[in-house]
Number of protein chains: 2
Amino acid sequence: MPRQHFDSLDIKILEMLSNNARKPFLEIARETHISGAAIHQRIQKLTSAGVILGFRTEIDPAAVGYQTCAYIGFILNDPTKFDEVVARLREIPEVVDCHFTTGTYDIFARIYARNNAHLLEIIHKRLSLGLGRTETLISFKEVFKRPVPIVSENLE
Amino acid sequence: MPRQHFDSLDIKILEMLSNNARKPFLEIARETHISGAAIHQRIQKLTSAGVILGFRTEIDPAAVGYQTCAYIGFILNDPTKFDEVVARLREIPEVVDCHFTTGTYDIFARIYARNNAHLLEIIHKRLSLGLGRTETLISFKEVFKRPVPIVSENLE
DNA sequence: CCTGAAATTTCGAGCCG
DNA sequence: CGGCTCGAAATTTCAGG
């Protein structure tokens, strides 16, 4: 959704919820001197407006059996085949995101696999589409990860 | 954290919570024929074990003023300077993640900026470290994004 | 893993600008 | 009408077993 009319209360709610989706609404209410029900209503509105896309639980991939994380860049032969590649990527549950990009690659995706052999298997058996070629960047380590900052100046 | 001893209840909880961090514990309880308090205890244990890393609210970046998303790959002159680059990246709040990679780049990061001019400003003013060179891939569109699948077979 | 109680979330009704 | 408060029912959280 494009930008909406936010007031400073919306900003505070988004800031507080960003890092902790289960932060008690009454805590937010006390910090903003407003009723818990009003906070609840604001959050519903932000959700139905598409500003809040969802509440996700971040799970350690290694703890659930994914030792390998990789980026895959696609260089397409035929630049009209984006949708075909995306359809194939959607069918592979280990692919967690997919972007259309400019620069070295046309499509750029991220994938989790059980191990390097599993990654290779996915690339060879499920990503050899005959539509172009791929390059793989394996991640040794995710050094940090954090949400986008909520900055009220961005909205003025 | 490395892999733990999960039972099928843990798996179910992680599956259900993954897409909806605010799913009522009592709903999970009813679907698993167990008390709400027991679900609560399991979730606490999964959190303190580092399996659950946190509960995040996913916010549409465009709605809070970020029109540009980009990947930045670093090719370092001196491969021992990883930590120095990471320290600089951490100071830039618009940088949302950072990986050590093998392949074309040594370090690979993702960044959100207000617009292309803002992205260029960050790259020129804050990422010209004299430690190597960078390549930028701009994302036109995030086609999809989803959590890693929780698959019990991965844990056997 | 359960019970039970206090705090919190959720939702409908009503109030006020 | 839109945004808030109040109050009741459902849920979360925590202590104790």
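Below, chains carry the letters A, B, ... as their sequence lines are ordered, and counting in each starts from 1.
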Atom pairs and distances, side-chain donor-acceptor, residues 52-59 of chain A, under 3.5 Å, sequence neighbours left out:
residue : atom : partner : partner atom : Å
A/R56   : NE   : B/E58   : OE1          : 2.6
A/R56   : NH1  : B/N19   : O            : 3.4
A/R56   : NH2  : A/L53   : O            : 3.4
A/R56   : NH2  : B/E58   : OE1          : 3.2
A/T57   : OG1  : B/L17   : O            : 2.8
A/E58   : OE1  : B/R56   : NE           : 2.6
A/E58   : OE1  : B/R56   : NH2          : 3.2

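The backbone N or O of A/L155 lies less than 3.5 Å from no partner atom in the side chain of B/R114, so there is not a single donor-acceptor pair. Under the 3.5 Å distance criterion, the side-chain polar atoms of B/R146 are matched with a main-chain donor or acceptor of A/V95.
Residues in residues 24-38 of chain B take part in these side chain to side chain donor-acceptor pair (under 3.5 Å) pairs, two or more places apart or across chains: B/K23-B/E27, B/K23-B/E31.
Separation of atoms CG (A/L76) and CG (A/D78) is listed at 8.0 Å; rounding is to 0.5 Å. Between A/I123 atom CD1 and A/E135 atom CD the span is 11.5 Å, to the nearest 0.5 Å.
Looking only at side-chain heavy atoms (C-beta outward), B/K45 and B/R42 stay at 4.5 Å or farther from each other.
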Its dot-bracket string being built from Watson-Crick and G-U pairs below 3.5 Å, with | for another strand and [ ] for crossing, DNA chain C has the pattern |||||||||||||||||
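Cluster membership check: B/Y66 does not share its hydrophobic cluster with B/L120, using side-chain heavy-atom separations under 4.5 Å among Ile, Leu, Val, Met, Phe, Trp and Tyr.
Here A/I75 sits in one hydrophobic cluster together with A/Y71, A/Y105, A/F108, A/L137, B/Y71, B/I75, B/Y105, B/F108, B/L137; the rule is ILVMFWY side chains under 4.5 Å apart, joined directly or through other members.
Sorted by residue number, the list of members of residues 10-19 of chain B with any non-hydrogen atom under 4.0 Å from DNA chain C is empty.
Remark: C1' of D/dT12 and CD of B/Q44 are 11 Å apart, rounded to the nearest angstrom.
Of the residues listed (A/I122, A/I107, A/T136), the one engaging A/I72 in a side-chain contact (heavy atoms from CB on, under 4.5 Å) is A/T136, and it is the only one.
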Scoring nucleotides 2-9 of chain C by protein non-hydrogen atoms under 4.0 Å (B base, S sugar-phosphate only, - none) yields BB----SB
